[in-house]
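So the structure is just underneath, and the comments pick up after that.
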Amino acid sequence: EDAVLELPPDASYIGDINLDYAASVIGDRMQKLVIPEGVTETTSEFTVVGATTLTEIEFPSTLTKLCGNFSETGLRSIRAENVYAVEGSVSYGSVFNGTACYGGAFSKNRFLESVNLPTLGELEQYAFNECYSLSDVNLPLVGTVGEYAFASCQSLSEISLPQARQIGEHAFDNCNKLSSVELPAAQSLDYFVFQNCTRLTSVSLPSAVSVCLSSFYRCKNLEEVFLPNVEEVYFNKALKNGKIYIGSTVQKIDFQVVP
């Protein structure tokens, strides 16, 4: 039968726990992991990567900082009411040429459907990259969205991030079902944010002050972009069709080549 692993309740933080591929701990049947009340943080050594039978992690109300590697599991949902920081330990780039970076705490969870992190303030790079089934996202306080955070979330049809001010490059790249975007506080969009979002038809960014129009590269059905308060617009691999509405606040319009 399916196994439940409950971690010991006598610690304020948990680290050096390695459940990689689960087999070394309780075979290949681990379905649920319980982190007990009282734990306030996990460290980067906490990892369940590859535990494909793991469908649920029960996070305590005392948890405020979540670090580690929770990628490539069988998780269906993530719910942690009081977590303000998430730091993944998945490595991207190369340590040999100095380009290594870390993030992707919940990346490549192809069965993950919903995320509820109501107190999270910043979404790291690659956080939910390649979570193909993700369709329900509640991140009301996130102020910064890292690069590739939702890239290739191919079931995501709508996104509302009411407090997000900065959106990193490729954040929603290849979200090919995304048709509704609400980013009322977004002040800047980096390169290729919505690249290949082929179902987008209209985007309004009322607070944006700096926008790279390559954000909408290959959005072949995008008809209009509203930028009523923008100050700097960079035309680089922009729309082939459709209209861009720019308000009287604009101070700089630049044409540049991007990678």
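Every value quoted in this text rests on a predicted model; they were computed, and no experiment measured them.
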What is the distance from atom [atom1] of [X] to atom [atom2] of [Y], rounded to the nearest 0.5 Å?
| X | Y | atom1 | atom2 | answer |
| --- | --- | --- | --- | --- |
| Ile78 | Ser114 | CD1 | OG | 8.0 Å |
| Gln125 | Glu147 | CD | CD | 5.0 Å |
| Ile35 | Thr42 | CD1 | OG1 | 6.0 Å |
| Ser157 | Asn176 | OG | CG | 11.5 Å |
| Leu156 | Arg199 | CG | CZ | 12.0 Å |
| Asn221 | Ser179 | CG | OG | 11.0 Å |

**Item:** Pair Phe106-Val86, side chain to side chain contact (heavy atoms under 4.5 Å, CB included): steps then yes or no
**Value:** CA-CA 10 Å; Phe106 295 101; Val86 172; 4.2 Å; yes
Side-chain donor or acceptor of [X] paired with backbone N/O of [Y] under 3.5 Å:
| X | Y | result |
| --- | --- | --- |
| Glu124 | Gly104 | yes |
| Gln163 | Ala185 | no |
| Ser215 | Asp190 | yes |
| Asn82 | Ser61 | yes |
| Asn109 | Phe70 | yes |
| Thr119 | Val83 | yes |
| Ser155 | Tyr132 | yes |
| Thr47 | Gly68 | no |
| Ser180 | Glu158 | no |

**Request:** May I ask you to check whether Asn116 and Asn138 show a side-chain donor-acceptor distance below 3.5 Å?
**Result:**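 Distance-only check passes for Asn116 and Asn138.
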Taking the side chain as everything from C-beta on, heavy atoms only, tell me whether [X] gets closer than 4.5 Å to [Y].
| X | Y | answer |
| --- | --- | --- |
| Phe194 | Leu189 | yes |
| Tyr234 | Ser210 | yes |
| Gln154 | Asn174 | yes |
| Tyr245 | Ser204 | no |
| Ser107 | Glu130 | no |
| Val209 | Asn229 | no |
| Arg76 | Phe111 | yes |
| Leu112 | Ser133 | no |

Show the nearest heavy-atom pair for residues [X] and [Y], with the distance to one decimal.
| X | Y | value |
| --- | --- | --- |
| Ser202 | Phe226 | OG-CE1, 3.9 Å |
| Pro140 | Pro118 | CG-O, 3.6 Å |
| Val49 | Glu72 | CG2-OE2, 4.2 Å |
| Cys67 | Ser44 | CB-N, 3.8 Å |
| Pro36 | Thr62 | O-OG1, 4.4 Å |
| Gly146 | Ala171 | O-CB, 4.0 Å |

**Message:** Does Glu87 form a side chain to side chain contact (heavy atoms under 4.5 Å, CB included) with Lys65? I'd like the steps, not just the answer.
**Reply:** CA-CA 8 Å; Glu87 297 177 5; Lys65 187 175 183 180; 3.5 Å; yes
**Prompt:** What about Tyr191 and Tyr217, are their ring centers closer than 6.0 Å?
**Reply:**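 Between Tyr217 and Tyr191, which both carry aromatic rings, the centre distance is not below 6.0 Å.
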**Message:** Membership question, hydrophobic clusters at under 4.5 Å side-chain separation (ILVMFWY): are Val115 and Tyr84 in the same one?
**Reply:**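 No, because Tyr84 and Val115 fall into different hydrophobic clusters, even though each may have its own neighbours under 4.5 Å.
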**Prompt:** Can Leu141 be reached from Leu120 by stepping across I, L, V, M, F, W or Y side chains whose heavy atoms are under 4.5 Å apart?
**Reply:**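 No, Leu120 and Leu141 fall in different hydrophobic clusters.
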**Asked** Between Phe192 and Glu169, is a side chain to side chain contact (heavy atoms under 4.5 Å, CB included) present by the stated rule, with each step listed?
**Response** CA-CA 6 Å; Phe192 305 118; Glu169 61 185 64; 5.6 Å; no
**Asked** For the side-chain contact (heavy atoms from CB on, under 4.5 Å) test, which of Val211, Val203, Thr249 pairs with Leu227?
**Response**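 Only one of Val211, Val203, Thr249 forms a side-chain contact (heavy atoms from CB on, under 4.5 Å) with Leu227, namely Val211.
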**Request:** For Glu81, look at atom CD and say whether over 12 heavy atoms of other residues, nucleotides or ligands are found less than 6.0 Å away.
**Result:**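 Yes, because the 6.0 Å sphere around CD of Glu81 holds more than 12 heavy atoms from other groups.
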